[in-house]
Asker: 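The structure's right below; bear with me while I get my questions together.
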Amino acid sequence: MSQMFDNKVYSSCRFLKYICGIFLFYGHFAFSQINTTTVDTLNSYPLDEVIISATRNEKNMSEVGRSVTVITEEDIKSSIYNSPAELLSKQEGIYVIGTGQNPGSNSSIFMRSSNSNHTVIMIDGVRISDPSTPNDAIDLAELSLANIEKIEIVRGSHSTMYGTSAIGGVINIITKKGSKPGFNTQAGLKTGVFGKKTLDLTETLYLNYSSKSGFYGSAEVFNSFVKGLNATIDTIKTPGKFKNIDNDDFSKTDLIGKLGYEKGKLDAFVSYKITQQKADVDRAPYADDDNYTVEFDRDLISYQAKYAAIKKLDISFNGGYSNMTRIAVNDSSVVDEIGNTDHSYFKGVYSGTILNNEMQATLRLKGANIVAGTGMYSETMKTNTTFINSAYSYYQNVNLDTLGLRATITNTFLQLDLNGSLLYKNLNRLSLILGSRLNNHNLYGYNITFEINPSYKLSDNTLLYVAYSTGFNAPSLYNLYFPKKNITSGISTGNKSLKPETSVSFEMGLKQTINDNFKIGMSCYNTITSNSIDYVYLWDKNVPISSLKSNNYLGETYLNIGKQTVIGIEFSLYSKISKKLAFSGNFSLTGGKLKYSPSDIDNEKTEGNHVQLYTTGAFLSKTVEYVKLVRRPVTANVHLGYNPTRNLTLSLDIRYAGTRNDIAYNQNLGAFGALELVPVSDYTLTDITAKYLITKNLTATLRAENIFGVVYSEINGYRTRGRGAYLNINYSISYLTRK
């Protein structure tokens with residue numbers, strides 16, 4: 001194991017020793033304070049919260065043989081974070097790029113060190129992604145905290161239950177349903193600053209009416225405007241050198257409507273969500289741009305119906321349709337003091353659709369739960385880009401709109417959740433989950449995933465579990481079909497011969513609970529992902545690598561090449577030290593390697609030519625191995641909550657991210673240049689929050705962010721927020737129907 005963690009990972013352990021010392025101190029103190037009375041004046045660690053996403057069936061978290069977390073509505077209300085991405089970044093095993101940068105910056109999730117497109121993101125069980133992007137990954141900056149009841153997190157490979165992309169885990173955002181009969185209203189106003197001449201202003205309004213008959217309707221408006229920082233780092237130090245630096249603003253609006261019925265045997269709803277946002281962006285790391293904007297719109301329709309056909313049998317139908325459009329415009333940029341421009345214009349329109357429908361039956365028998373289902377997932381994409389340079393009379397247009405690009409995956413899945421009492425009555429502490437899924441992709445054909453997940457209750461409060469599961473990630477539409485061809489070789493960028501990335505994952509963990517006052521979760525895991533899809537350059541095989549020139553270039557393409565190995569350890573702890581004081585924390589130690597072998601090259605696609613990895617610049621004339629993955633740091637989080645009075649809650653939050661590699665373009669790697677690995681320093685951020693209950697219906701929350709003004713980086717070349725201060729006012733009132 002040790003050879004898979006490099007020296008930089010081990011150097012981070014000095015901080016983790018400090019964190020572990022805090023864990024042990026508070027853990028020892030908590031045991032001495034434990035009693036049978038629990039006063040819920042502080043946010044609780046929701047180990048006994050019911051979770052659905054882990055097994056597609058309601059189950060207490062303490063009984064689930066996986067590493068799971070539920071972020072409750074109360075957790076969301078108690079925080080003053082700006083987005084789900086910020087909430088997710090505080091959880092073990094998750095690192096989100098972009099949460100500390102200028103609002104509106106692209107946010108990518110790395111869960112258990114898997115790739116950014118290896119985590120399934122869902123809203124009410126409906127997958128949301130972005131098929132118009134090269135890797136089909138969603139930008140988490142698209143998500144807001146509007147209309148969220150809770151967020152369920154399941155770590156580890158879960159493709160048996162959720163299909164493609166579920167190699168690192170699954171995140172299900174569950175929206176609000178009906179409330180107490182009558183009118184229910186919530187309104188919020190948040191404002192803050194996070195640097196010189198910045199402003200963050202967000203307004204929310206939630207309306208709900210629920211009838212005693214079971215019908216309900218709700219609507220929410222989320223509107224945010226940000227006057228932001230210059231997103232890139234300024235490296236121009238030459239006196240008199242022209243700089244065209246501007247701050248990058250961001251605006252976002254979500255409109256949400258939901259109609260439903262929940263009573264007796266039927267639970268059904270239909271919802272419609274509109275997302276509209278616009279961000280000022282820059283050209284590249286360290287490269288500012290004064291007029292580059294990206295607009296993004298998504299319409300999401302989701303629907304769900306669950307019917308208790310008989311006492312032990314539920315039948316449900318769940319689905320959704322979304323279409324998204326991203327419009328990027330970069331008009332001529334000013335290049336000198338007298339107003340001359342670079343005479344260039346770029347416009348890109350990227351759009352896609354997702355259709356997802358599933359039927360599921362859940363049968364609950366004595367000692368066994370059976371979940372069976374079938375479904376279909378379909379994606380389309382279109383791209384239309386135009387580039388003009390009037391100085392050179394150059395015009396280029398790439399239009400994929402007429403190609404009808406589509407990918408469809410149909411599936412059938414089955415999961416058995418068995419109790420050991422079926423074999424022998426004294427084995428009732430043993431549980432075993434067995435599952436399998438058959439997938440059929442319209443291009444590459446069939447593949448199968450499965451899971452074996454035994455767990456054993458060592459005591460009423462102690463669960464030991466093991467999980468062995470396989471996962472997969474289907475190639476994106478861009479990977480498969482992008483039609484650009486090299487004039488000389490005729491080789492296209494898209495590769496219709498691509499197979500899915502496949503993974504094998506092993507996990508072992510322990511959950512310990514004592515009277516809701518002291519709780520520990522520990523897990524270790526190992527995931528091996530094969531057939532990794534990489535973007536590569538191709539060079540003339542008849543010319544030695546050492547003699548290659550630009551005219552020997554034969555195009556680029558995507559290949560199934562490489563194997564990624566990841567190992568990690570996760571630890572979480574919650575301790576209610578006293579009636580007024582609570583402590584929670586987590587840390588994640590991770591390491592991994594990438595290995596590329598010439599034997600994995602698809603010589604039919606490359607026609608035997610030299611293959612160069614764009615991600616590192618290395619030529620695959622021999623085996624290449626990298627021992628540190630990009631953007632996968634060791635992480636740790638600490639939260640300390642204190643209630644000095646009934647109406648006041650104070651909290652301290654510390655977040656640590658260890659040293660890691662990032663990527664930077666190096667024009668000297670090959671004739672056209674390529675990416676290279678660059679180190680990024682570790683950082684520790686400290687926030688302080690105060691929440692005060694002014695009246696029964698009115699609360700005020702004040703947060704001081706990054707109080708020590710730490711200067712740090714998440715992505716090489718991009719700026720992060722400095723000290724910040726935020727004020728959040730929330731008002732809620734209910735006009736309940738009399739009984």
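Just so you know, these numbers use all the heavy atoms, side chains as well, and skip hydrogens, waters and symmetry mates. These numbers were taken from a predicted model, which means no experiment stands behind them.
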Asker: Does any part of the side chain of Ile138, heavy atoms only, come nearer than 4.5 Å to the side chain of Leu143, both counted from C-beta?
Answerer: yes
Asker: Looking just at side-chain N and O atoms, do Glu92 and Ser588 make a donor-acceptor pair shorter than 3.5 Å?
Answerer: no
Asker: Do Gln360 and Thr362 have a side chain donor and acceptor closer than 3.5 Å?
Answerer: yes
Asker: If you count the non-hydrogen atoms of other residues, nucleotides and ligands that lie under 6.0 Å from NZ in Lys382, is the total more than 12?
Answerer: no
Asker: Enter the distance from Arg127:CZ to Ser165:OG here, rounded to the nearest 0.5 Å.
Answerer: 5.0 Å
Asker: Should Lys176 and Glu73 count as an ion pair when the cut-off is N to O under 4.0 Å?
Answerer: yes
Asker: Under 3.5 Å, is there a donor on one side chain and an acceptor on the other for Ser476 and Asn479?
Answerer: yes
Asker: Is the Tyr468 to Phe506 ring centre distance short of 6.0 Å?
Answerer: no
Asker: Which of parallel (below 30°), tilted (30 to 60°) and perpendicular (above 60°) describes Tyr535 and Tyr537?
Answerer: perpendicular
Asker: Between Lys511 and Ser62, is any side-chain donor less than 3.5 angstrom from a side-chain acceptor?
Answerer: no
Asker: Ignoring hydrogens and angles, tell me if any N or O in the side chain of Asn356 forms a donor-acceptor pair with the backbone of Tyr321 under 3.5 Å.
Answerer: no
Asker: Salt bridge check, Arg326 against Asp130: does any charged N sit closer than 4.0 Å to a carboxylate O?
Answerer: yes
Asker: Side chains of Thr557 and Asn495 only: does a donor on one sit below 3.5 Å from an acceptor on the other?
Answerer: no
Asker: Tell me if a side-chain donor or acceptor on Asp139 pairs with a main-chain N or O of Asn106 at a distance below 3.5 Å.
Answerer: no
Asker: Does the side chain of Ser129 pick up a donor-acceptor pair with the side chain of Glu379 at under 3.5 Å?
Answerer: yes
